[in-house]
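Since the model is a prediction, treat every value here as computed from it, not as a measurement. Below, chains carry the letters A, B, ... as their sequence lines are ordered, and counting in each starts from 1.
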2 protein chains.
Amino acid sequence: MAKSKSLPAPLKHLLVKGNEQLHPGISVDCVIFGFHDNALKILLLNLESVKKWSLPGGFVLNNEDINDAAYRVLNLRTGLDNIFLQQFHVFGNPNRSDAKVHHLKFQEYGVKIPKNNWLIQRFITVGYYALIDFTAATIKADSYDSKFAWIDIEKVENLMMDHDYIIEKALQTLRTQLAYLPIGKNLLPKKFTMPELQKLYEAILNKKLDRRNFQRKMLGFEILNKLNETRKGGAHKAPFLYTFNDKKYQKALKEGLYGSW
Amino acid sequence: MAKSKSLPAPLKHLLVKGNEQLHPGISVDCVIFGFHDNALKILLLNLESVKKWSLPGGFVLNNEDINDAAYRVLNLRTGLDNIFLQQFHVFGNPNRSDAKVHHLKFQEYGVKIPKNNWLIQRFITVGYYALIDFTAATIKADSYDSKFAWIDIEKVENLMMDHDYIIEKALQTLRTQLAYLPIGKNLLPKKFTMPELQKLYEAILNKKLDRRNFQRKMLGFEILNKLNETRKGGAHKAPFLYTFNDKKYQKALKEGLYGSW
DNA sequence: ATTCATTGCGTTACACCGACACAATCTAAA
DNA sequence: TTTAGATTGTGTCGGTGTAACGCAATGAAT
């Protein structure tokens, strides 16, 4: 009924050039966490053709490191650079791919995907998670998806394919790593207050923390610089501002916060 | 000069059927840790054709979960079942594959790999690590490699392709996970003594631990059953034997040993 | 019987953690 | 201008776990 729009070049490219320019059967998916209004959110894209939300993902170029591919996806969507981005799991269930997603998408343009096309194969995907400053990102949708949204971690559900599970795994990883990696640098603006940092931790852990013990523990890691400024404007006592001490932060990223044993 | 032996069926199969039966461009590699003579060892295979040692690895069947593929490799090599096996990293550098390995191998049989054959492509590999009971395994080599060896972790070097790096990453992961996962069940015989368990931890961490504190900490995890038997035969006081409490062990595997936060 | 390394169990000092107290501060309302 | 109310900065205290070390018991070798 609806008049077919003409097929966008990037989509055509996938069908025609995918086979020779992209690594077969493997993709990357990015769980991009952002923090806003004291809530942890995830960047999702809407595939109108299947009426579902999905994670931003992409394919791996023939001569591209898979980590670079994930970074390219992240950068393309958010415009951000120098972001904490980490592999966390490989999803290799043979039934996870759903060709219907692609069929429906191309149907919008009245295009039928040829049998045995590169796109209609089983894909194994590598999950990455990233932490970004909500306020610094400028999100771009692309030809496959026209809408995006930051969706509260509590309200994520009914995503495309196995993306719910991917997010669950990402969140698990993030929570575990919170215990031994310094998290927060990318999720918060450069200057932030201790209560803001605490809210972030509480959102990730989904758990209230004691204000005073949190501060003591955080300062104990020695990765923060206390500034001689306060954040005025709130209706209460003005809290001090902090920044991350880049050098010590990087060191902690490599060596972990404790060491234990 | 040397008379060409005839090409073994599994190798021929790779060339001829790989394209239709195996997932393209993805492999799995297993870092199999064993414990013997108070040292941590890794199972390596020798590729005579390239005169280098390599990790046991394999490909993923078209309809096979990638985790099952890794498990299949582990089981094929060791004959063991019900083993702790975990993904730890994806190695996706575009230059990591080295077609020369395959060319040399097939040259042994006077066979030239056709251009653009399935085998001669870039492979992205998923690293898995496993912990096994050295004494329970019966190692099998296969048609690609004729020799195997347990090589001391300290002496691993100059492996094929990026396998040194893969092992380094595996060891890093193992050390990190030691702090929050119960390790040891698969590396030791069913019954073991506290000093034996300690030696294992010391081998993994490459660090001496205090005997008395180690015991207290271990018992504190409440994943061990103390038996009413001792290990006689040593030239000294007979230490008590322990087993892992399976139920609590599994629970700790899921939830971690601490929880922190 | 004696020797001696090893094991089982215990002690002490110290750091860290959770729970809570109290004073200082900032804005908004009175 | 003063007061109220919520929030922040700093400190205390008891419990817990850890590192470092002591000492008696054990068991094979001498």
Side-chain angles (χ1 to χ4, degrees), chain A residues 37-38 175 178-180 182 184 188-189 191-203 205-243 252 255-261, chain B residues 37-38 175 178-182 184 188 191-203 205-243 252 255-261:
Chain A
D37 283 343
N38 292 341
R175 283 181 180 149
L178 203 59
Y180 68 97
L188 294 172
K191 296 178 181 182
F192 53 90
T193 67
M194 197 57 79
E196 284 164 1
L197 185 59
Q198 184 182 337
K199 288 279 170 21
L200 169 60
Y201 271 69
E202 291 180 339
L205 296 167
N206 194 27
K207 191 183 194 171
K208 286 259 169 241
L209 300 173
D210 183 279
R211 182 177 63 86
R212 294 146 289 189
N213 295 332
F214 178 82
Q215 163 141 344
R216 181 150 33 94
K217 184 159 186 164
M218 260 310 161
L219 292 179
F221 291 150
E222 296 191 325
I223 53 173
L224 296 181
N225 296 321
K226 182 173 182 176
L227 304 181
N228 246 331
E229 313 170 49
T230 55
R231 162 102 71 225
K232 303 256 181 184
H236 308 288
K237 176 166 182 178
F240 280 100
L241 287 167
Y242 291 84
T243 59
E255 302 174 9
L257 286 172
Y258 284 107
S260 191
W261 291 101
Chain B
D37 283 343
N38 292 340
R175 282 182 180 148
L178 202 59
Y180 68 98
L181 284 185
L188 293 172
K191 297 179 181 183
F192 53 90
T193 68
M194 197 58 80
E196 284 163 2
L197 185 60
Q198 185 184 338
K199 288 277 169 26
L200 169 60
Y201 271 69
E202 291 180 340
L205 296 166
N206 194 26
K207 189 182 195 173
K208 285 259 169 240
L209 300 173
D210 183 278
R211 181 176 63 86
R212 293 147 289 191
N213 295 332
F214 178 82
Q215 163 142 348
R216 194 189 358 218
K217 184 159 184 164
M218 261 307 162
L219 293 179
F221 291 151
E222 295 191 328
I223 53 173
L224 297 181
N225 297 321
K226 183 174 183 176
L227 304 182
N228 244 331
E229 313 169 51
T230 55
R231 162 104 70 226
K232 304 255 180 185
H236 307 289
K237 178 167 180 176
F240 281 100
L241 286 168
Y242 292 84
T243 58
E255 302 174 10
L257 286 172
Y258 284 106
S260 190
W261 291 102

When you get a sec, tell me which of [options] is the closest nucleotide to the side chain of [X]?
{"X": "A:D210", "options": "C:dC20, C:dA5, C:dG8", "value": "C:dC20"}
{"X": "B:K217", "options": "D:dG9, C:dT7, D:dT18", "value": "D:dT18"}
{"X": "B:K232", "options": "C:dG8, D:dG27, D:dT12", "value": "D:dG27"}
{"X": "A:R216", "options": "D:dG9, D:dT12, D:dA20", "value": "D:dT12"}
{"X": "B:N213", "options": "D:dG9, D:dA20, D:dT26", "value": "D:dA20"}

Looking at every heavy atom in both [X] and [Y], which two are closest together, and how far apart are they?
{"X": "B:N206", "Y": "B:R175", "value": "CB-NH2, 3.9 Å"}
{"X": "B:K191", "Y": "B:E229", "value": "NZ-OE2, 2.9 Å"}
{"X": "A:F240", "Y": "A:L227", "value": "CD2-O, 3.5 Å"}

- Query: Has the side chain of B:R212 got a donor or acceptor that lies under 3.5 Å from a partner of the other kind on the base of D:dG22?
  - Reply: yes

- Any N/O donor-acceptor pair, B:R211 side-chain to D:dA20 base, under 3.5 Å: no

Tell me the interatomic distance from [X], atom [atom1], to [N], atom [atom2], rounded to whole angstroms.
{"X": "A:H236", "N": "D:dT3", "atom1": "NE2", "atom2": "P", "result": "20 Å"}
{"X": "B:F214", "N": "C:dG8", "atom1": "CZ", "atom2": "P", "result": "12 Å"}
{"X": "B:K207", "N": "D:dT18", "atom1": "NZ", "atom2": "P", "result": "14 Å"}
{"X": "B:F240", "N": "D:dA25", "atom1": "CZ", "atom2": "C1'", "result": "11 Å"}
{"X": "A:K237", "N": "C:dA28", "atom1": "NZ", "atom2": "P", "result": "18 Å"}
{"X": "B:L209", "N": "D:dG17", "atom1": "CG", "atom2": "P", "result": "19 Å"}
{"X": "B:L227", "N": "C:dG8", "atom1": "CG", "atom2": "C1'", "result": "16 Å"}
{"X": "A:F221", "N": "C:dC16", "atom1": "CZ", "atom2": "C1'", "result": "11 Å"}

- Message: Return whichever of A:A235 or B:P195 has its heavy-atom-nearest nucleotide of DNA chain C closer to the 5' end.
- Response: B:P195

It should be established whether [X] places a side-chain nitrogen or oxygen under 4.0 Å from OP1 or OP2 of nucleotide [N].
{"X": "B:Q215", "N": "C:dG8", "answer": "yes"}
{"X": "A:K199", "N": "D:dT7", "answer": "no"}
{"X": "B:K226", "N": "C:dT7", "answer": "no"}

- Any donor-acceptor N/O pair, B:Q198 side chain to B:Q215 backbone, under 3.5 Å: no

- Query: Got B:L219 and B:K226 here, is their nearest side-chain heavy-atom distance under 4.5 Å?
  - Reply: no

